[in-house]
There are 2 protein chains.
Amino acid sequence: MAKHDPALSQLFHALSDPTRRAILTRLAEGPARVTELSEPTGLRLPTVMRHLSVLEEVGLIATAKDGRVRTCAIVPEALAPARTWLDEQRSLWEARLGRLEAMAMKAMKERDR
Amino acid sequence: MAKHDPALSQLFHALSDPTRRAILTRLAEGPARVTELSEPTGLRLPTVMRHLSVLEEVGLIATAKDGRVRTCAIVPEALAPARTWLDEQRSLWEARLGRLEAMAMKAMKERDR
DNA sequence: ATCATGCTTAGCCATGTCGCTAACTAATAT
DNA sequence: ATATTAGTTAGCGACATGGCTAAGCATGAT
């Protein structure tokens, strides 16, 4: 069985929450402080903090504290493993389609023989 | 705020489980019956059934029962929304990089004036 | 020195997830 | 007719998740 890939699981899990995706989308426009990120969500600060922790743990964002303000920025490379997995999946699928096509060709040749 | 996108959330959630990803990878090679899918997982049948339900609910697989055997097949188009979101995210990021670059150019011109 | 701001921590609650066993149904094989 | 096979349903338990409030703690403003 394909062995655990905890990083990928965590990555997809992080992306599975709409609030977290919204935060990432916001951050794609540029860095922001925590309060700034929390405002559009309608959620309380501690809740948003938790989402930010999740995002930071999987490496999707980086944060730094300056004085009492924490600034968050996106880490776009962190999305790569997800893309890679999806691409692999697609190429597996296409390989299979290719084999099916080959079989169909072969079947036609047999029939015409 | 970006409005809810429950389908995307469910899709990412479905992909966030290693067992489910393993099942998809297996199915990329061709259809399989339930028992066949359960064997390599080391999990009990009802557990695997639950995973299959999740996959079917989000449209990642299709199943059909013939006699007492249920056959499962992948539905590769179902991955598209995930890919699309990742691509959008990347293009947002690149647009931002573009703007930063433009700002840097402008700053250099100002400085050289 | 005091107050307001911005985050952080601790802890609670409801709900969801993932595993299991046990018992059931339906189809096929003997 | 009976036994086996393949899946299904029901329901349990442990733990994770996502929301909240309340209280704490630095930093910056007055």
Side-chain angles (χ1 to χ4, degrees), chain A residues 1-27 30-58 60-73, chain B residues 1-27 30-58 60-73:
Chain A
M1 172 79 149
K3 51 176 172 303
H4 262 239
D5 191 344
L8 198 49
S9 298
Q10 286 177 357
L11 182 52
F12 278 130
H13 172 249
L15 296 178
S16 77
D17 185 284
T19 301
R20 288 194 287 263
R21 287 198 307 278
I23 289 175
L24 288 177
T25 303
R26 163 63 190 79
L27 285 179
R33 51 176 57 187
V34 174
T35 317
E36 205 171 336
L37 289 173
S38 92
E39 274 157 8
T41 64
L43 298 175
R44 299 295 180 170
L45 253 184
T47 305
V48 172
M49 282 292 296
R50 197 163 201 89
H51 285 303
L52 292 176
S53 312
V54 171
L55 290 173
E56 191 168 19
E57 268 168 32
V58 302
L60 279 166
I61 67 171
T63 77
K65 200 165 181 178
D66 177 27
R68 60 187 165 170
V69 172
R70 178 173 298 277
T71 305
C72 308
Chain B
M1 172 79 145
K3 50 178 171 300
H4 260 239
D5 190 343
L8 197 48
S9 297
Q10 286 177 355
L11 181 53
F12 278 129
H13 172 250
L15 296 178
S16 77
D17 184 284
T19 300
R20 287 193 289 262
R21 287 197 309 277
I23 288 174
L24 289 178
T25 302
R26 162 64 190 80
L27 285 180
R33 52 175 57 186
V34 174
T35 317
E36 204 172 339
L37 288 174
S38 92
E39 275 157 9
T41 65
L43 297 176
R44 300 294 182 172
L45 253 183
T47 306
V48 172
M49 282 291 297
R50 198 163 203 88
H51 284 304
L52 292 176
S53 312
V54 171
L55 290 172
E56 190 167 19
E57 268 168 33
V58 303
L60 279 167
I61 67 172
T63 78
K65 199 165 182 178
D66 176 27
R68 59 185 166 172
V69 172
R70 179 173 296 277
T71 305
C72 309

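In what follows, chains carry the letters A, B, and so on, assigned in the order in which the sequence lines appear, proteins first and then strands, with residues in each chain numbered from 1.
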Return the CG to CZ distance between A:Leu27 and A:Arg20, rounded to the nearest 0.5 Å.
14.0 Å

How many Å lie between CE on A:Met49 and P on C:dG11, as a whole number?
17 Å

In whole Å, what is the span from the CG atom of A:Leu45 to the C1' atom of D:dC25?
15 Å

How do A:Ser16 and A:Asp66 order along DNA chain D: which one's closest nucleotide is nearer the 5' end?
A:Ser16

To the nearest 0.5 angstrom, please state how far the OG1 atom of B:Thr47 sits from the CG atom of B:Leu52.
11.0 Å

Nearest 0.5 angstrom please: A:Ile61 CD1 to A:Leu55 CG, how far?
5.0 Å

For atom CZ of A:Arg33 and atom P of D:dG28, their distance in whole Å
11 Å

Euclidean distance, atom NE2 of residue A:His51 to atom C1' of C:dT8 [Å, nearest integer]:
16 Å

Could you check which of D:dA6, C:dA22, C:dT8 has an atom nearest any side-chain atom of B:Pro46?
C:dA22

Where the side chain of A:Arg44 is defined as all heavy atoms beyond and including C-beta, which of C:dC18, D:dT21, C:dG6 is the nearest nucleotide?
D:dT21

To the nearest 0.5 Å, what is the distance between CG on A:Leu15 and CZ on A:Arg21?
7.5 Å

Nearest whole angstrom, please: distance from the P of C:dG6 to the CZ of A:Arg68.
6 Å

Over how many whole Å does the gap from B:Arg70 atom CZ to C:dA26 atom P extend?
14 Å

For B:Leu43 and C:dT17, what is the distance between atoms CG and P respectively, to the nearest whole Å?
17 Å

Rounded to whole Å, the CG-P distance (A:Leu37 to C:dG6) equals 13 Å

Please confirm whether the shortest side-chain N or O distance from B:Lys65 to OP1 or OP2 of C:dA27 is below 4.0 Å.
no

Please figure out whether A:Val34 or B:Arg50 has its closest DNA chain C nucleotide nearer the 5' end.
A:Val34

Report yes if at least one side-chain N or O of B:Thr47 is closer than 4.0 Å to OP1 or OP2 of C:dC20; otherwise report no.
yes

Please round to the nearest 0.5 Å and tell me the distance separating atom CG of B:Leu45 and atom CD of B:Glu39.
9.0 Å

